[in-house]
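Below, chain A is the first sequence line, B the second, and so on; all start at residue 1. All values below come from the heavy atoms of this structure, side chains included, with hydrogens, waters and symmetry mates left out.
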There are 2 protein chains.
Amino acid sequence: MSNSNPSPLTPMLRKMELWAAFSDSDREALLAMPHTLKTIKEGHYIVRDGDKPTHSCVMLTGFTYRHKIVGAGARQIVSIHRAGDMVDLQNSLLGTADHNVQALTRAEVAFIPREAVKEIAFARPAIGFAMWYDTLVDGSIFREWVANVGRRDARTRMAHLLCEFALRLEAAGLSEQTHYELPMTQEQLADCTGLTPVHVNRMLKELDKGGFIQRDKRAVTIADWRRLAEIGDFQRGYLHLGGDQSAALQ
Amino acid sequence: MSNSNPSPLTPMLRKMELWAAFSDSDREALLAMPHTLKTIKEGHYIVRDGDKPTHSCVMLTGFTYRHKIVGAGARQIVSIHRAGDMVDLQNSLLGTADHNVQALTRAEVAFIPREAVKEIAFARPAIGFAMWYDTLVDGSIFREWVANVGRRDARTRMAHLLCEFALRLEAAGLSEQTHYELPMTQEQLADCTGLTPVHVNRMLKELDKGGFIQRDKRAVTIADWRRLAEIGDFQRGYLHLGGDQSAALQ
DNA sequence: CGCCCATTTGACAGCTTTCAAATCGCGTGG
DNA sequence: CCACGCGATTTGAAAGCTGTCAAATGGGCG
């Protein structure tokens, strides 16, 4: 797309530079990594629990999510990913996938051989640190989700999730600060929060009637960020996006 | 303790060698890392949410746990750690702690400057990879915990947690396969599972009466591993301990 | 021996789920 | 352009799992 840099891997570079200072040669090396482009249709799997993936997958456009299926058949979504994210660094480096990765929307992705990832990570410390940091931020978000589903009531969980999405999408330049398109069904929101779709619906309605959010189709407008963040017990520190950790959204 | 190698950092080496092949010079370099020994009393904090730790903490003896406090005042424990674990690699590398680390029992620990950790990780790829892998396994366990508190009922959650402890303690050489000392109160178990202490008590009683476990003080004996694993929807793959992922405990 | 904390037990309340059905939204085909 | 069909959303009523509250019991330690 860009004249100055036509590599499709640019979204990955953009994200990693949030976390580490790269030299020009780091940038060139990162963008020159071997990769295969592919388009994944909505709902299709990228990795399945138990697979032994040989490639890591970088998202270029669209959304994906990671989930686990428990014995009773219920699904728990453990994370949502967007352009720039390396969605199965975990699975490919660990060897055997411990969860599924599925396309939430149509998504363009690039597959990079896991050996190439390991090589560049140790050949170029700035890149290696950015990748490591990225997996650490993922871990921080997992911890917050454990607390969210473990110790917050339904209303708080939903508000928290909406706040998280707002900040992460905004950080990726994919939305305005208080308005975004959320390509998820209420059933998927339920699987993020450990609730039922019916109850998600009720909580969204409450937040809407209370004047904290407005909904139009699947688009969400946060009408009152400060109060939504209060309701959702939301503090942005765990996202490690930098900036004032305690500040409300401007 | 050991004549051949008196470094107190040996438990960390032991754990990391589960995941990467080290050369002799790797081992020497790891054990020679600069560190300060300290004993932490039961209940004392090692890191608090919001701190900016400059050192990473390696556990030598005892247990610690990581937890978050939500707005309503409830506590969610997100992980339990034992000898060999680097309990705040996450906090120290991310810069600002997003959770608390507290001693579950009296614990001996070694503090290593975070810059020394970063240096050795990139100077010695085998060590760097082992550390990265370690944080990835942590992430895998977080994902399982999200699913555990999000999509399993109380009985299943408790059984799952007991199975996880059994395997992790056994992998660390801290217990027999079907019998271990669990230094946690029922209130702490409740904070791991997102339940109340009262309900944890009820579930433990049920598992005991059903003949799946036996309790003596805080020691747990797993009387019927296969059925406890069934009840707990437990599959060991997410622990990435190697071996047959689907095998029942021998 | 007595205190204190953890465990255990019982009764009841309540948040969330379950089950069903109606409504809405939107792409497709007549 | 409108009817149809199907999935998603919405709503209501009732059940149930887990939480809350309270009190009794038990165990360890000074």
> Of the nucleotides C:dT18, D:dT18, C:dT16, which one has an atom closest to the side chain of B:Asp153?
Replying inline: D:dT18
> Among A:Arg152, A:Arg151, A:Arg157, which one satisfies salt bridge (Lys or Arg N to Asp or Glu O under 4.0 Å) with A:Glu144?
Replying inline: A:Arg152
>> For D:dT11 and A:Lys205 - does any side-chain N or O of the residue sit under 4.0 Å from the phosphate oxygens OP1/OP2?
In response: yes
> Rounded to whole angstrom units, what separation is found between the CD atom of A:Gln186 and the P atom of C:dT16?
Replying inline: 16 Å
>> As an exercise, state the distance from CG of B:Leu207 to CD1 of B:Ile222, rounded to the nearest 0.5 Å.
In response: 10.0 Å
>> Between C1' on D:dT18 and CG on B:Leu204, what's the gap in Å once rounded to a whole number?
In response: 15 Å
> With a non-hydrogen cut-off below 4.0 angstrom, is B:Arg155 in contact with a base, only sugar-phosphate, or nothing?
Replying inline: nothing
>> Counting only side-chain heavy atoms from C-beta out, which of C:dT7, D:dA8, D:dG19 sits nearest to B:Leu195?
In response: D:dG19
>> Checking contacts here: which listed nucleotide (C:dT17, D:dT18, C:dT8) is nearest the side-chain heavy atoms of B:His199?
In response: D:dT18
>> Nearest to the side chain of B:Ala154, heavy atoms from C-beta on, is which of D:dT18, C:dT8, D:dT10?
In response: D:dT18
>> If I take atom CD in residue B:Glu187 and atom C1' in nucleotide D:dG19, what distance separates them, rounded to the nearest angstrom?
In response: 14 Å
>> From C-beta outward on A:Val198, which listed nucleotide comes closest to its side chain: D:dG19, D:dC21, D:dT11?
In response: D:dT11
> If you round to the nearest 0.5 Å, how far is CD of A:Glu108 from CD1 of A:Ile40?
Replying inline: 10.5 Å
>> In this structure, how many angstroms lie between the C1' atom of C:dT16 and the CG atom of A:Leu189, rounded?
In response: 17 Å
> Between D:dG28 atom P and B:Glu42 atom CD, what is the distance in whole Å?
Replying inline: 15 Å
> Do A:Arg218 and C:dG25 have a side chain to base donor-acceptor pair shorter than 3.5 Å?
Replying inline: no
> NZ of A:Lys209 versus C1' of D:dT10: gap in Å, rounded?
Replying inline: 10 Å
>> Any side-chain N or O of A:Asn201 below 4.0 angstrom from OP1/OP2 of D:dT10?
In response: yes
> Does B:Lys217 put a side-chain nitrogen or oxygen below 4.0 Å from OP1 or OP2 of D:dG28?
Replying inline: yes
> Under 4.5 Å between any side-chain heavy atoms of B:Asp51 and B:Tyr45, yes or no?
Replying inline: no
> What is the ring orientation for A:Phe111 with A:His55, classed by angle as parallel under 30°, tilted 30 to 60°, or perpendicular over 60°?
Replying inline: perpendicular
>> Heavy atoms from C-beta onward define the side chain here; which of C:dT16, D:dG19, D:dT10 lies closest to that of A:Arg215?
In response: D:dT10
> To the nearest angstrom, how far is B:Glu206 atom CD from C:dT8 atom P?
Replying inline: 14 Å
> Which whole-number value in Å describes the distance from B:Asp208 CG to C:dT9 P?
Replying inline: 10 Å
